[in-house]
Amino acid sequence: MTAFPQGPPVPESVVDFVVMGTVGGADATSTPAEVTGLLGDGFVESRTGRRQVLLSHDLVEFAWERDAGGGGADGGPWRGLYVTVQAHRLDAPPTLDALATALGRAGFPLVEVAPDGAGCRP
């Protein structure tokens with residue numbers, strides 16, 4: 001971790017996630033089996049039915065869904081919905097200024113989007 005004067009340190013894993021979109025090599029396209037293979041089986045699993053699953057690895061959450069057809073009784077192959085890192089749950093969450101500084105040092109400046117959406121993709 002790197003300490004910044006404007007707030008608590010930003011874990012390198014948080015910077016890596018913002019830049020690369022991966023955690024330990026896993027991303028939103030990884031299957032539940034791939035995530036378990038990369039991050040281990042120390043997770044909490046939540047299901048909202050037979051076709052949705054959420055794996056929580058400490059501050060990291062992965063979610064998937066699948067269609068009803070094919071793939072046996074539970075449905076088709078898993079399709080990634082999202083992966084998120086919940087930095088706000090750290091004992092001392094990093095500030096936005098500290099994250100912006102860390103990202104800038106990594107060569108990925110944080111760019112503010114206009115509140116009216118100007119310049120955003122449709």
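Quantities reported herein were computed from a predicted structural model and do not represent experimental measurements.
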Side-chain heavy atoms under 4.5 angstrom apart, residues restricted to Ile, Leu, Val, Met, Phe, Trp, Tyr: same cluster for Leu110 and Met20?
yes
Please enumerate all residues that pass side-chain contact (heavy atoms from CB on, under 4.5 Å) together with Leu38, with sequence neighbours excluded.
Ala26
Who passes salt bridge (charged side-chain N to carboxylate O under 4.0 Å, His left out) against Glu45, sequence neighbours left out?
Arg47
With Thr22 via side chain to side chain donor-acceptor pair (under 3.5 Å) - residues at least two apart
none
Would you give me the side-chain donor-acceptor pairs under 3.5 Å for residues 79-86, sequence neighbours excluded?
unit_1: Arg79; atom_1: NH2; unit_2: Glu65; atom_2: OE2; d: 3.1
unit_1: Arg79; atom_1: NH2; unit_2: Asp67; atom_2: OD1; d: 3.4
unit_1: Gln86; atom_1: OE1; unit_2: Arg89; atom_2: NH1; d: 3.1
unit_1: Gln86; atom_1: NE2; unit_2: Glu61; atom_2: OE1; d: 3.2
unit_1: Gln86; atom_1: NE2; unit_2: Glu61; atom_2: OE2; d: 2.9

Can you pull the ring-ring contact (aromatic ring centres under 6.0 Å, His included) pairs that have at least one residue in residues 31-50, sequence neighbours excluded?
Phe43-His57
With a 4.5 Å heavy-atom cut-off, do Val35 and Pro32 have their side chains touching?
no
In this structure, would Leu99 and Leu59 fall into the same cluster of hydrophobic residues linked by side-chain contacts under 4.5 Å?
no
For Asp97 and Thr95, does a side-chain donor sit closer than 3.5 Å to a side-chain acceptor?
no
Give me each pair satisfying ring-ring contact (aromatic ring centres under 6.0 Å, His included) with a member in residues 84-114, each pair once, sequence neighbours excluded.
none
Selection residues 10-41 - residue pairs positive for ring-ring contact (aromatic ring centres under 6.0 Å, His included), sequence neighbours left out
none
Side-chain contact test, heavy atoms from C-beta onward, threshold under 4.5 Å: evaluate it for Thr101 versus Val10 and give yes or no.
no
Following the transitive rule for hydrophobic clusters with a side-chain heavy-atom cut-off under 4.5 Å over Ile, Leu, Val, Met, Phe, Trp and Tyr, establish whether Val14 and Leu103 coincide in one cluster.
yes
